[in-house]
Amino acid sequence: MSAGFITGETLTITGGRLVDPGTGVDRLADVHVAAGQIIAIGAAPAGFSAERTLEAHGCVVAPGLIDLSVRLREPGHEHKGSLRAELLAAVAGGVTSVACPPDTDPPLDEPGLVDMLRYRAQQAGLARVHPLGALTARLGGERLVEMAELAAAGCVAFSQADAAVVDTQVLYRAMQYAATFGYCVWLRPQDAWLSRNGVAHEGEVATRLGLPAIPAAAETIDLDRMLRLARMTGARVHLCRISTAEAVAMIRAARADGLAITADVSAAHLHLSEEDIGHFDSMMHLAPPLRSVADRNALRTGLADGTIDAVCSDHRPLDDDEKQLPFGEALPGASGVELLLSLALRWGLESGLPLPVVLARLTTGPARVLGMNMGRIVPTAPADLCVFDPDGQTPVTVAGLHSQGKNSPFIGQTLPGRVRATVVGGQIVYGG
Amino acid sequence: MSLENPQLNARGALQHLLTIEGLPREIVLHILDTASSFVGIGERDVKKVPLLRGKSVFNLFFENSTRTRTTFEIAAKRLSADVINLNVNTSSTTKGESLLDTIDNLAAMNADMFVVRHAQSGAPHLIARHVRAQPHIHVVNAGDGRHAHPTQGLLDAYTIRHYKRDFSRLSVAIVGDILHSRVARSLIQVLRTLGTPDLRVIAPQTLLPAGIEGMGVRVFHDVDEGLRDVDVIVMLRLQNERMRGPLLPSAQEFFKTYGLTAERLALARPDAIVMHPGPMNRGVEIDSPVADGGQSVILPQVTFGIAVRMAVMSILAGGS
């Protein structure tokens, strides 16, 4: 090494198409990495010669993907998934940062649990892990957690995961308290009473199959409550897993009105609808439920026009015994972090969107939700990168999934795009 | 995902009976015609035919039902099958063995047929999918959640055909708790398959599932209006736990607003028949004089039910 500022491991990714939605760059360019950071784009700095070279001809070099909902199942649910397998699945999918919902057992409501999770994630040395603290103790919806302590331990926001805060007084106070310190509150709108016992979208399919239903209004009524409380408290609110057309319209209107909210959608909900339940396929039992084709189309449009900031996997590994049950008894959810890129690419192809727009919903969009300066390929930024072949294909098979959970509604399908290498902090953690 | 009909085999023959939905009209008619030939057997001194001799039929009732289980048991015995009754009166989420483990164990005992009742919609589909590598095993849905009760739908169709002959000009009204009723869903589907032009469901909004019109029925909230000039009235059972709560205020008010009385029956055609899948709540959905009256065919339904179940079982397992 001749240049003094270059220390540690060095890497050059050559010949790839650099697509960085944050800067609008879309051109053939080499990327040079040292000491975990991007140090130059295009020509190498004088005297720089990388120890490793990653050949990326025909591939896209994008910022590492940021997935806003990945369950690592630790602590407490190790039979469903394991931190190492899920993080391996993440990097196999080009995902370099994951936000983890607090619905572990026990829930992430104490700094010690967060410390342990972050330590375990660091030991794994794969994707970066950003824990979400529980918004209320034990996710019980009654008592506030020590938000400042949890933030100090590394929680990036506070969430109830799937648990409702039924008592609106508690939700109001939790949002006020979070707003006091500038913490973001992540909420999935679903009225606890209207959704009680429901397993499928209220409509013709649930009626025909005799499945207990969850009306679209379960989402919009709760969303209305959340939007009003956001206005009252000034809390920054992130709305998770939007599933209905009307909710998309409500969020669009609220944003136009200047409300500080963001939103995400799960990748499965961009492609599937209630029709896919078919003959009680429990792989299609998701939370929120798969809704109508019109709802799905509105989600696709909302994500394209930026009403929805990010697409996430809502990764929920489950063990076979939890899915090999009658539809209503099967646990909801799908394993999907390693399919996130492919499902987003398919949405982009089907919607005729340019690649930078698709990648924005996987990088700058979720980075904005997290309020973190990441998801960009610029000098001094952490070298978190995803190298993928946009013309490649990913066949989805049980054996091919890295996640411990093999529960995917896309098993048997072939999806567009194939991840060739994933770089986290300058290290090639997958492929290469 | 595959949307092929899971109850037909590669040759288009009936492999399982899971639901009426997607069942070809010819198969429905074949079942009804076969049932006709079995009706007389029950009246003979020796009420047995050897069509299922040596076959093992397992009645797997994950939800209690003495009556339906008994009719399946009688049907199987009249076909000379060996019948094993299992009341698995626990939910698979609350105790040890999973549903599919139970099935694997019984399959290892060389079962030929599972007659399944389960509180969860779709449970018989799951079982049928699980045993698909063992084509000698047949699954009959004896009622799953709110989804389907195909043998009940078929016996209702048999009864209607017996009394009315032709479906092509019929008006049929189904009254009561449509929301939770697998009987209503299967009946609607079988009557549609047989070309019934006027299907009505009559209930308060709280007892109707969203989008029921999509199944090809007209919705009435006013019972008097809905019953006018119909040929067939099917009253549904109202479960005890639903008589008081968020769906209905009381059994009395339900009887007053939807119960079938002689006055209301008079609104239908003079030769209209009255049906009920049983067990009846007298004075809740139906008045005793109507239940026991000359237009009631509720007991013949039970008799025909055995013949229809014999037909289904013999078509599934009798040929092999």
Side-chain angles (χ1 to χ4, degrees), chain A residues 193-194 196-218 268 271-285 289-294 319-332 334 396 407-413, chain B residues 1-7 16 18-22 62 91-94 97-101 103-104 116 118-130 141 143-149 178-186 188-189 201 208-217 246:
Chain A
W193 307 113
L194 281 175
R196 189 176 42 178
N197 300 329
V199 298
H201 173 58
E202 183 172 277
E204 276 185 27
V205 172
T207 290
R208 185 165 47 80
L209 296 179
L211 292 171
I214 302 175
H271 296 289
L272 303 170
S273 75
E274 57 182 344
E275 309 283 344
D276 292 292
I277 294 171
H279 300 294
F280 301 97
D281 184 351
S282 61
M283 289 298 178
M284 303 294 167
H285 186 184
L290 292 172
R291 297 203 182 268
S292 71
V293 171
D319 76 17
D320 286 349
D321 288 349
E322 295 167 321
K323 272 295 188 194
Q324 296 296 315
L325 289 169
F327 190 91
E329 282 181 357
L331 292 185
V396 187
N407 49 306
S408 166
F410 300 99
I411 296 282
Q413 296 194 23
Chain B
M1 72 148 310
S2 162
L3 273 175
E4 73 200 36
N5 196 324
Q7 45 191 354
H16 308 291
L18 307 175
T19 170
I20 303 291
E21 192 192 348
F62 294 89
S91 126
S92 60
T93 52
T94 55
E97 191 174 66
S98 82
L99 173 60
L100 296 182
D101 282 341
I103 295 300
D104 285 340
V116 180
H118 200 286
Q120 287 288 332
S121 299
H125 276 80
L126 178 71
I127 294 170
R129 200 154 48 229
H130 189 66
N141 182 0
D144 62 328
R146 309 173 181 184
H147 170 236
H149 195 348
I178 313 287
L179 175 65
H180 300 96
S181 180
R182 51 196 173 213
V183 173
R185 285 172 176 81
S186 284
I188 290 167
Q189 286 165 342
V201 295
L208 286 166
I212 185 75
E213 299 86 349
M215 293 185 75
V217 298

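Chain identifiers are assigned alphabetically (A, B, ...) following the order of the sequence lines, protein sequences preceding nucleic acid strands; residue numbering begins at 1 within each chain. As the structure is a computational prediction, the values presented were derived from the model and not from experiment.
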Next on the checklist: Report which part of B:Arg182 has an atom under 4.5 Å of a heavy atom belonging to chain A: side chain, backbone, both, or neither.
Outcome noted: neither

Checklist entry - Checking A:Pro212 against chain B: side chain, backbone, both or neither under 4.5 Å from a heavy atom? => result both

Item to check | Set of side-chain contact (heavy atoms from CB on, under 4.5 Å) partners for B:Leu100, sequence neighbours left out | outcome: A:Gln324, B:Ser98, B:Leu126, B:His130

Checklist entry - When you measure from the side chain of A:Thr207 to the backbone N and O of B:Ala210, does any donor-acceptor pair fall under 3.5 Å? => result yes

Next on the checklist: Check whether B:Arg129 reaches the backbone of A:His279 with its side chain - one donor and one acceptor, N or O, closer than 3.5 Å.
Outcome noted: yes

Next on the checklist: My understanding is that only one of B:Ile127, B:Leu99, B:Asp144 makes a side chain to side chain contact (heavy atoms under 4.5 Å, CB included) with A:Pro326; could you say which?
Outcome noted: B:Leu99

Item to check | Residue part contacting chain A, namely of B:Glu213, when any heavy atom lies under 4.5 Å | outcome: neither

Checklist entry - Under the side-chain contact (heavy atoms from CB on, under 4.5 Å) test, which residues partner B:Ser121, sequence neighbours left out? => result A:Leu211, A:Phe280, B:Arg146, B:His147

